[in-house]
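Down below is the structure, laid out as C-alpha cells.
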Amino acid sequence: MLELCPTGLKHIFNQIQETISPFLNEDLSDLSLFLSSPIIPMLALTGCLGSGRHLAVKTLAKFNGINCLSIDCNALQSSTAKQTESKINATIQKAKAAAPVIVLLDNFEVFAIDAENNEDCRVIEYFMNTITDLYQNYTKHPIIFIAVTKDIEFKPNISRLFLEKFHIPKLNLRQRYEMLDWFSNVMRLNIDGAEHVKANELLVKQTPVNVNSQNVLQRVAAKTETFLYGDLDTLVHFATRESYLRQHNNYNQLPPDPDLRLIKEEDFNSALESIRKLQSQHLDAPKIPKVYWDDIGGLEKLKKELLKTIQLPIKYPHLFKNASLKRSGILLYGPPGCGKTLVAKAVSTELNVSFLSVKGPELLNMYIGQSEENVRKVFESARASSPCIIFVDELDALAPRRGAAGDSAGASDRVVSQLLAELDGVNTSGDEDTSSFVFIMGATNRPDLLEQSLLRPGRLDKLVYVGPYCGTREKTSVLEALCRKYKLRPEVNLEAVAEALPDKCTGADLLQVVSTARSAAVRALVAKLHNGTLKESELSPDSIVIGVTELWEGVVSFRPSVTDDELSHYEAMESQM
Ligand SMILES: Nc1ncnc2c1ncn2[C@@H]1O[C@H](COP(=O)(O)OP(=O)(O)OP(=O)(O)O)[C@@H](O)[C@H]1O
C-alpha cells in the first residue's frame, strides 16, 4: 500500500500515521472518558507549495480506508464572525456525514485571521468549542482534522489548537532520486530504454542493477536542486511529452504505436529546459542570471571577497553548520551605476546560485502588516530556491533608521524588525539540511540613512564601497567588458578612449559611451543601405562594427551622471564608515 506514497514523503507519512492510529482504533475514545476534556486529533501539516502535503493527507485516508473531506479555509472565512461560525458548523455536519474521515483543512493560514492580520479570537474559541463538543458527544466513527498550510510559524492561539505539528522539508539529492524512481515505477516508465529497477532493490543489490537508468535518474536528480514533489511530478510528465514529440519528429509523423514509457535522458533535459522557461516567466521567481565575470571590468577585490564569503558555505555546508561561522550578508554602497547589481548577478551566475532581486520600495505596502508579509515572502521564496542570493536594492527605503521615518514610524519599525528577524533566522534556523543557503546582498546609495542594527556582526556586517572607476586602467577594463559582445574595428584603442574621458567615471557613464558608439555604428550601416553600398541580403548581426569615429561620438557626448560634489560626498562617507 505504501506504493501510494512517494518514497520522499514516507517518513512524514509514517509519523502522522503513528499519531492518528490510536484514534482510528478507538483506543483513545475510552481514555477520553476519564479526562475532563477529550484529546482531539487536530494536526498541522506545513510545507511549501508543491511539497506533497495534499498527497500525504489523501494517501493517509486511502491507506486507512477512510474518506477524505477537503475544506478550503478561504471559503470558511466570511466578513462577519457570525457567518464564519455558521460555516464551521456546516463543516462539522459534513464531517459527521462523511465519517470515518480525515478532514483536510486547506489553506489554513487564512483561518481566523482578520483583515489586519491579527488572530480572530472569537472564531478560534468557537472552532475549539465546536470540535471539543464533537469529540465529547459523537463517538460513532473517527474524525481526524489535518490543517494544511504553507506557514511554519503559527500565531499563539492558533498554535494551541494542534495536538501535533509536522513539516515537510525540502528534498535532498537522495530523496529527489528516490522520488524520481518512485514516479518511474508507478508510471511503469522505461528509463533510457532499459527496464527499470526499484530503488530499494538497487540499494540492497539483490537484482542485477540497471546502472544506466540509475545513472540517468541520479544525474536528473542532481540538476533539480530546488525541486519539490510537485515539480518532480511535472518534470516526469513533461519528459513523457518530450518522448512523444521526439518519436513524432523522428518518424515525421506519429508512429502507429509510440512507446510513451520510453524516456531518455535527453527527454528529461528538454523537459527541464521547458520548466525553467516557464519559471522565468514568473516575475518573482528566483532564477540564475546570465552575467559572467567577463561582463564586469575592474572590481577585482570585490569579486574575490564575495567568492570567498559565498562559495565556501555552499561548497562545504557541513563545515559551516556552526552558525557563528556564517555571515548572513554583505552591504554594497556607493553612487548609482557603479556595478553593485551587476556584480551581485555575476556571483549568482558563476556559483550557479538562484538570484532574487527586489527593490526596497517595492516591498513597502500601504496596508497594515502587508510590508512585513512581503519581506517574509521574499525570504520564504529564497529558502525554497536555496542556495539563493537575495539582492535588496535601495535597502535604505525598506530599513531606514528606526524612529526616523516620520508619520509611518510604527509601520516602518515593524518592517525593520521583520527584516532583522529574517536575517537572524538565515543562520540560526534549526534546519538540519546544511545545504540550505540564503545570502543577502543589500545595496544602497545612502548607508548613513540605514538602520544601524542591520550592520551588526552576523548580519550585513561587511560594508563594501563600490565607487567610480578611476584611472586609465580601470576605465579601460570596464570598456573592454562592455564591448565584449560587439565587433570593433582593429584600429580601435580602448585605452585611448579611457584616457580621453574624465578621471572618474561610473559604469553607467561608460555604458553610455559604448551605447552612443553602437547607435552611431547602426546609423552608418543604415546610411550604407540607403546609398546602395550595402545590400539588405548582406546584413547580419556582424555587420554592425564600431570604429574610432563612433567611439569618439560617445566621448564627445559624455555627460557624467554623478557630479564632482556628489562624488566628494560619497568619498567622505566612505572614510567615515
Ligand atoms: N564594472 C563594470 N563593468 C561593466 N559594466 C559595468 C560595470 N559597472 C557598471 N556597469 C554598467 O553600468 C550599468 C549599471 O550598473 P548597476 O546597475 O550594476 O549599478 P548599481 O551600482 O547597481 O546602480 P544603482 O545604485 O542605481 O542600482 C550596468 O548594467 C552595466 O552595464
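Read the numbers this way: they start at 1 and go in the same order the structure lists the ligands and their atoms. In what follows, residues are counted from 1 in the order of the sequence shown. No experiment lies behind these values; they were computed from the predicted model shown.
Among all protein heavy atoms, the one lying closest to atom 27 (O) of ligand 1 is D393 OD2, 3.2 Å. Summary of contacts: the protein heavy atom closest to atom 25 (O) of ligand 1 is K340 NZ, 3.0 Å. Of the protein's non-hydrogen atoms, P336 CB, 3.4 Å is the one closest to atom 26 (O) of ligand 1. With respect to atom 6 (C) of ligand 1, the closest heavy atom belonging to the protein is L342 CD2, 3.4 Å.
The residue V466 has no part lying near ligand 1, judged by heavy-atom distances below 4.0 Å. By the criterion of a heavy-atom distance under 4.0 Å, neither the backbone nor the side chain of V343 is placed next to ligand 1. Only the backbone of D295 comes within contact range of ligand 1, with a heavy atom under 4.0 Å; no side-chain atom does.
Put simply, the residue from D233, T234, T240 that forms a side-chain hydrogen bond (donor to acceptor under 3.5 Å, both in side chains) with H237 is D233.
Atom NZ of K340 has more than 12 neighbouring heavy atoms from other residues, nucleotides or ligands inside a 6.0 Å radius. Counting heavy-atom neighbours within 6.0 Å of R241 CZ, excluding the residue itself, gives a total above 12. Taking a 6.0 Å sphere around NZ of K528, one finds it holds 12 or fewer heavy atoms contributed by other residues, nucleotides or ligands.
In the candidate list C505, G339, A481, G507, G339 is nearest to atom 16 (P) of ligand 1, counting heavy atoms. Looking at Y469, Y333, F391 and measuring to atom 2 (C) of ligand 1, the nearest heavy atom belongs to Y469. Looking at L332, T341, V478, L511, it is L511 that brings a heavy atom closest to atom 31 (O) of ligand 1.
The shortest N/O to N/O separation between G337 and ligand 1 falls below 3.5 Å. By the 3.5 Å distance cut-off applied to N or O atoms, C338 is counted among the residues near ligand 1.
With salt bridges taken as basic N to acidic carboxylate O contacts below 4.0 Å, none links K504 and E474. Taking 4.0 Å as the cut-off between side-chain N and carboxylate O, E380 and R376 count as a salt-bridged pair. Of the charged side-chain nitrogens involved, none lies within less than 4.0 Å of a carboxylate oxygen, so that K377 and E372 do not count as a salt-bridged pair. At a threshold of 4.0 Å, the pair R459-E451 does not count as salt-bridged, since none of the basic side-chain nitrogens sits closer than that to a carboxylate oxygen.
For the residue pair S159/K165, the side-chain donor-acceptor check at 3.5 Å is satisfied.
Within the structure, ring-ring contact (aromatic ring centres under 6.0 Å, His included) contacts touching residues 512-554 (residues at least two apart or in different chains) do not occur.
At least one heavy atom of G297 sits closer than 4.0 Å to an atom of ligand 1.
Every atom of ligand 1 with a heavy atom of N445 under 4.0 Å away is listed here by number and element: 25 (O). Set against the non-hydrogen atoms of L482, the atoms of ligand 1 under 4.0 Å away are 5 (N), 31 (O). Per-residue contacts place A508 under 4.0 angstrom from the following atoms of ligand 1 (heavy atoms of the residue considered): 12 (O).
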